[in-house]
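Below you'll find the structure, written out as structure tokens, and then a few comments.
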Amino acid sequence: TQLLEQSPQFLSIQEGENLTVYCNSSSVFSSLQWYRQEPGEGPVLLVTVVTGGEVKKLKRLTFQFGDARKDSSLHITAAQPGDTGLYLCAGGGTSYGKLTFGQGTILTVHP
Amino acid sequence: DTEVTQTPKHLVMGMTNKKSLKCEQHMGHRAMYWYKQKAKKPPELMFVYSYEKLSINESVPSRFSPECPNSSLLNLHLHALQPEDSALYLCASSQDRYEQYFGPGTRLTVT
């Protein structure tokens, strides 16, 4: 069974601060997705990384996939209140259609 | 366009009722999914349809019955639900095994 350990579970910061969320596993994943979800809404796909060592940037968000494809990180620069939400990492393995989700990080950015 | 639509947005039903949730995508995706999500937790996979055939059933109780009438539509028929089935039900679709796109969800309350 593949597991993804996501940390931290909760993050409460002030506007303008930087933060990093981590997803770690002992298993290799063929891909790693990051989603952001607001209360009462569905998860919105932010990025997919598939190559070990890959780095992708989306405005103030930077995503990294570990060289061994076992871990990933999401870094947000100068967080804004609009970044508030539940952040989920999800790993794609060998079974078609089955994603392994991390437990999520609830981010609150205070103005 | 990466839109998955779900109806209804909210549903309240008694334990003896029969109701259905609907999901639609027009992205030509070949796989569609049903997930159940409790508050502040990651989505839990229920069913996967691939090319309109049920490919994964995650040991879901028979009071949940999925149906895929065609490649764009996915239904979830509900009957004799329990209060603990109250949750956000999410539909997703994907073209490949990497990226899943989620709908906004149906908030189900069982009374």
Side-chain angles (χ1 to χ4, degrees), chain A residues 1-12 21 23 25 28-51 54 56 63 65 69 72 84-108, chain B residues 2-11 21 23 25 27 29-51 53-59 66 68 74 87-109:
Chain A
T1 303
Q2 294 180 309
L3 292 174
L4 262 176
E5 299 284 341
Q6 187 172 343
S7 63
Q9 274 190 281
F10 302 94
L11 205 47
S12 180
V21 180
C23 271
S25 176
V28 175
F29 289 97
S30 55
S31 69
L32 205 295
Q33 280 76 247
W34 285 93
Y35 292 88
R36 176 173 165 267
Q37 185 176 21
E38 296 193 27
E41 299 294 328
V44 175
L45 179 65
L46 297 174
V47 78
T48 297
V49 285
V50 297
T51 305
E54 186 174 3
K56 282 192 175 180
F63 305 87
F65 200 16
R69 291 185 292 141
S72 181
T84 293
L86 173 66
Y87 288 80
L88 293 161
C89 61
T94 55
S95 294
Y96 187 95
K98 295 193 75 167
L99 293 178
T100 299
F101 281 91
Q103 287 305 300
T105 296
I106 298 174
L107 171 65
T108 305
Chain B
T2 56
E3 187 178 16
V4 177
T5 59
Q6 290 187 244
T7 56
K9 181 74 172 172
H10 302 277
L11 179 63
L21 310 184
C23 173
Q25 59 91 10
M27 297 176 279
H29 287 177
R30 58 181 181 170
M32 296 185 75
Y33 313 78
W34 280 116
Y35 287 86
K36 173 184 177 181
Q37 187 180 28
K38 293 284 197 177
K40 300 182 180 179
K41 296 293 185 183
E44 299 172 28
L45 183 65
M46 301 174 71
F47 303 103
V48 180
Y49 274 83
S50 178
Y51 292 105
K53 287 185 168 40
L54 182 66
S55 59
I56 297 176
N57 177 342
E58 291 287 276
S59 302
C68 189
L74 188 65
L88 182 68
Y89 286 84
L90 294 164
C91 174
S93 71
S94 69
Q95 177 58 22
D96 56 36
R97 61 192 179 105
Y98 294 145
E99 297 182 333
Q100 293 186 20
Y101 294 89
F102 287 83
T106 293
R107 171 67 61 191
L108 174 67
T109 303

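Proteins get letters first, then strands, A, B, ... in listed order; numbering begins at 1 in each.
- Here CG of A/Leu99 is found 7.0 Å from OH of B/Tyr33. Values are rounded to the nearest 0.5 Å.
- Atom CG of A/Leu86 sits about 10.5 Å away from atom NZ of B/Lys41, to the nearest 0.5 Å.
- Note that OG of B/Ser94 is 11.0 Å distant from CG of A/Leu45, once rounded to the nearest 0.5 Å.
- At a 4.5 Å heavy-atom cutoff, A/Gln9 makes no contact with chain B through either its backbone or its side chain.
- Residue A/Val50 touches chain B through its side chain alone, counting heavy-atom pairs closer than 4.5 Å.
- Closest heavy-atom contact between A/Lys98 and B/Leu45: CG-CD2, 4.0 Å.
- For B/Glu44, no part lies under 4.5 angstrom from a heavy atom of chain A.
- With sequence neighbours excluded, no residue forms a side chain to side chain donor-acceptor pair (under 3.5 Å) with A/Tyr35.
- With a threshold of 4.5 angstrom between heavy atoms, B/Glu58 approaches chain A through side-chain atoms but not through N, CA, C or O.
- Other residues, nucleotides and ligands contribute more than 12 heavy atoms inside 6.0 Å of the NZ atom of A/Lys56.
- Listed by first and then second residue, the salt bridge (charged side-chain N to carboxylate O under 4.0 Å, His left out) pairs that reach into residues 31-51 of chain A are A/Arg36-A/Glu38, A/Glu41-B/Lys9, sequence neighbours excluded.
- Using a 4.5 Å cut-off on side-chain heavy atoms (C-beta onward), A/Pro43 and B/Leu90 make contact.
- Ranked by heavy-atom pairs shorter than 4.5 Å toward chain A, the options B/Ala39, B/Pro43, B/Gly103 are led by B/Pro43.
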